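First comes the structure, then the notes that go with it.
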2 protein chains.
Amino acid sequence: MSDIASKVGISRQALYLHFPNRADLLVAASRHVDAENEIDRRLVPSRTATTGRERLDAWIEAFGNYIPVIHGVASALLAMKDTDKAAMTAWNDRMLAVREGCAAAIDALATDEELTASMTRDEATDWLWTLLAVRNWEQLCRECGWSQDRYVEVMQQTAARALIDG
Amino acid sequence: MSDIASKVGISRQALYLHFPNRADLLVAASRHVDAENEIDRRLVPSRTATTGRERLDAWIEAFGNYIPVIHGVASALLAMKDTDKAAMTAWNDRMLAVREGCAAAIDALATDEELTASMTRDEATDWLWTLLAVRNWEQLCRECGWSQDRYVEVMQQTAARALIDG
DNA sequence: ACGTCACTTGACACGGTGTCAACTTGACAC
DNA sequence: GTGTCAAGTTGACACCGTGTCAAGTGACGT
């Protein structure tokens with residue numbers, strides 16, 4: 001909090017006049033990042049895709065490319081999640097929205113009768129949601145040194161192969 | 001630390017006579033869990049597998065079923081990783097060993113000429129390593145309510161489909 | 001001139017990690 | 001018996017970060 005305050009150029013206490021606690025500040029920051037980065041515009045290709053496969057690819061591309069944008073605030077929130085209850089529920093709310101995106105892609109696949117017979121819709125949604133976790137992006141792009149483009153490519157490809165039979 | 005001490009029945013300070021700090025205690029605990037659970041025995045099927053595919057399945061089964069065993073201490077270490085440097089390197093060391101296991105499975109696939117043409121060995125290793133992350137197990141088995149067996153099944157299946165062409 | 005609003009300084013409680021000093025207790029050697 | 005050693009005890013303290021509180025300041029509109 002003091003780091004942020006001094007960066008902003010106000011006192012630590014002034015920060016508490018605006019945000020009741022660290023978790024709320026982080027949540028507000030993440031919502032701000034969403035607004036600044038036109039989250040809705042990014043999702044247009046995913047929503048307007050005609051086939052299930054296109055929708056899956058578009059969703060992975062949209063969300064995959066959004067991760068680096070929110071990564072800073074996301075990982076701060078993620079780190080608090082284990083100890084702070086408020087951070088935990090805030091993060092869960094945000095991630096539930098991501099799950100919705102995954103569910104929509106899976107539903108599109110199912111409508112096209114392309115969804116693998118080996119998983120239920122819920123399972124496929126859970127799996128895709130997990131694959132696209134921020135921590136996984138972190139591991140591949142930060143620790144393993146993958147480029148952002150390669151990350152998106154591989155995620156698209158492996159998701160398609162895992163979720164579509166044949 | 002006080003929680004642990006009182007659970008053990010000694011004073012908090014006595015804990016510091018045995019372990020210099022929290023990170024070291026957690027690392028020692030994880031090594032102890034390894035020893036108690038005959039980690040090597042669990043890996044025999046993986047090492048003696050004859051085909052690449054068998055090796056992949058055996059590795060995923062062995063490690064996947066080991067995650068719940070170390071989950072407690074692992075997630076404690078994981079939580080410290082972001083702030084504590086000692087915990088960070090300790091955890092990285094442990095995870096590098098896991099990566100070795102993934103690399104061995106990928107190599108076995110490559111030897112059988114079964115590894116997908118769309119990823120390098122390193123990429124495939126990174127991908128599998130990431131898929132099998134503790135946090136992913138946590139999400140699927142704890143948050144999403146998957147059973148342990150189903151988790152292993154789905155991981156085996158999706159890994160095989162992503163990593164093997166055709 | 002007055003109130004109000006945003007902000008300041010400075011203090012403090014609380015919880016957790018890690019450190020330190022001084023004391024006790026039991027086992028063993030001689 | 002006495003000395004010694006290891007392992008543990010109590011009790012205190014420093015440091016850091018979050019969150020709270022009180023009192024003061026300075027600019028602004030009316």
Side-chain angles (χ1 to χ4, degrees), chain A residues 1-36 69-96 133-135 138 142-143, chain B residues 1-36 69-96 133-135 138 142-143:
Chain A
M1 293 297 272
S2 20
D3 286 355
I4 293 169
S6 62
K7 205 114 191 171
V8 171
I10 60 173
S11 66
R12 187 174 69 90
Q13 287 68 10
L15 222 48
Y16 283 101
L17 296 176
H18 296 275
F19 307 97
N21 52 52
R22 205 175 121 89
D24 276 35
L25 182 147
L26 254 22
V27 171
S30 74
R31 298 218 182 286
H32 176 72
V33 171
D34 283 356
E36 284 286 285
V69 176
I70 34 138
H71 177 250
V73 62
S75 68
L77 221 32
L78 220 34
M80 297 185 66
K81 194 186 136 182
D82 298 310
T83 53
D84 188 302
K85 208 184 146 199
M88 163 106 165
T89 58
W91 179 255
N92 285 351
D93 278 2
R94 302 225 54 198
M95 284 307 103
L96 235 53
V134 170
R135 300 233 112 117
E138 211 170 305
R142 293 284 163 95
E143 291 180 39
Chain B
M1 294 296 272
S2 19
D3 286 355
I4 294 169
S6 63
K7 206 112 191 171
V8 171
I10 61 173
S11 66
R12 188 175 69 90
Q13 287 69 10
L15 223 47
Y16 283 101
L17 296 175
H18 296 274
F19 307 97
N21 53 51
R22 206 175 120 89
D24 277 36
L25 181 147
L26 254 22
V27 171
S30 72
R31 298 217 183 286
H32 176 72
V33 171
D34 283 355
E36 285 286 287
V69 176
I70 34 138
H71 176 250
V73 63
S75 68
L77 221 33
L78 221 32
M80 297 185 66
K81 194 187 136 182
D82 298 310
T83 52
D84 188 303
K85 211 185 144 197
M88 162 104 166
T89 57
W91 178 256
N92 285 351
D93 279 2
R94 302 225 54 200
M95 283 308 102
L96 234 52
V134 170
R135 299 232 113 117
E138 213 170 303
R142 293 284 163 95
E143 291 180 40

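Quantities reported herein were computed from a predicted structural model and do not represent experimental measurements.
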* Find the distance L15(A):CG to dG17(D):C1' and express it as a whole number of Å. => 14 Å

* Asked: Are OP1 or OP2 of dA6(C) and a side-chain N or O of H18(A) less than 4.0 angstrom apart?
  -> no

* Determine the contact category for I10(A): base if any of its heavy atoms lies under 4.0 Å from a base atom, sugar-phosphate if only primed atoms, P, OP1 or OP2 are that close, otherwise nothing. => sugar-phosphate

* Asked: If a stem is a run of at least 3 consecutive Watson-Crick or G-U pairs, both distances under 3.5 Å, which stems include DNA chain C?
  -> C:1-30 with D:1-30

* Separation of dG17(D) C1' from D84(A) CG (nearest whole Å) -> 13 Å

* Asked: Using 4.0 Å as the upper bound for N to carboxylate O, is an ion pair formed by E138(A) and K81(B)?
  -> no

* To do: Give the rounded distance in Å between these two atoms: CG of D24(B) and P of dT19(C).
  => 11 Å

* Asked: With a 4.5 Å limit on heavy-atom distance, are the side chains of M1(A) and Y16(A) in contact?
  -> yes

* Min side-chain heavy-atom separation D34(B)-I70(B) under 4.5 Å -> yes

Atom pairs under 3.5 Å: protein N/O with N/O of nucleotides 9-11 of chain C:
from: dA11(C); atom 1: N6; to: Q13(A); atom 2: NE2; distance (Å): 3.4

* Structure fact -> Separation of dG15(C) atom P from R22(A) atom CZ, nearest Å, is 19 Å

* Asked: Is the backbone N or O of L78(A) less than 3.5 Å from a side-chain atom of S75(A), with the two atoms forming a donor-acceptor pair by type?
  -> no

* **R135(A) CZ to H71(A) NE2 distance, which is reported to the nearest 0.5 Å** => 7.5 Å

* **side chain to side chain contact (heavy atoms under 4.5 Å, CB included) between L26(A) and R22(A), worked out** => CA-CA 6 Å; L26(A) 254 22; R22(A) 205 175 121 89; 4.2 Å; yes

* Asked: Roughly how far apart are L17(B) CG and S11(B) OG, rounded to 0.5 Å?
  -> 7.0 Å

* To do: Whole angstrom is fine here: how far is it from CE in M1(B) over to P in dC16(D)?
  => 19 Å

* **Heavy-atom side-chain contact between V73(A) and H32(A) under 4.5 Å** => no

* Can you establish whether the number of heavy atoms outside M88(A) located under 6.0 Å from its atom CE is more than 12? => no

* Structure fact -> Taken to the nearest whole Å, CG/N21(B) to C1'/dC20(C) is 17 Å

* To do: To the nearest Å, give me how far apart CG (L17(B)) and P (dC5(D)) are.
  => 17 Å

* To do: To the nearest Å, give me how far apart OH (Y16(A)) and C1' (dA6(C)) are.
  => 18 Å

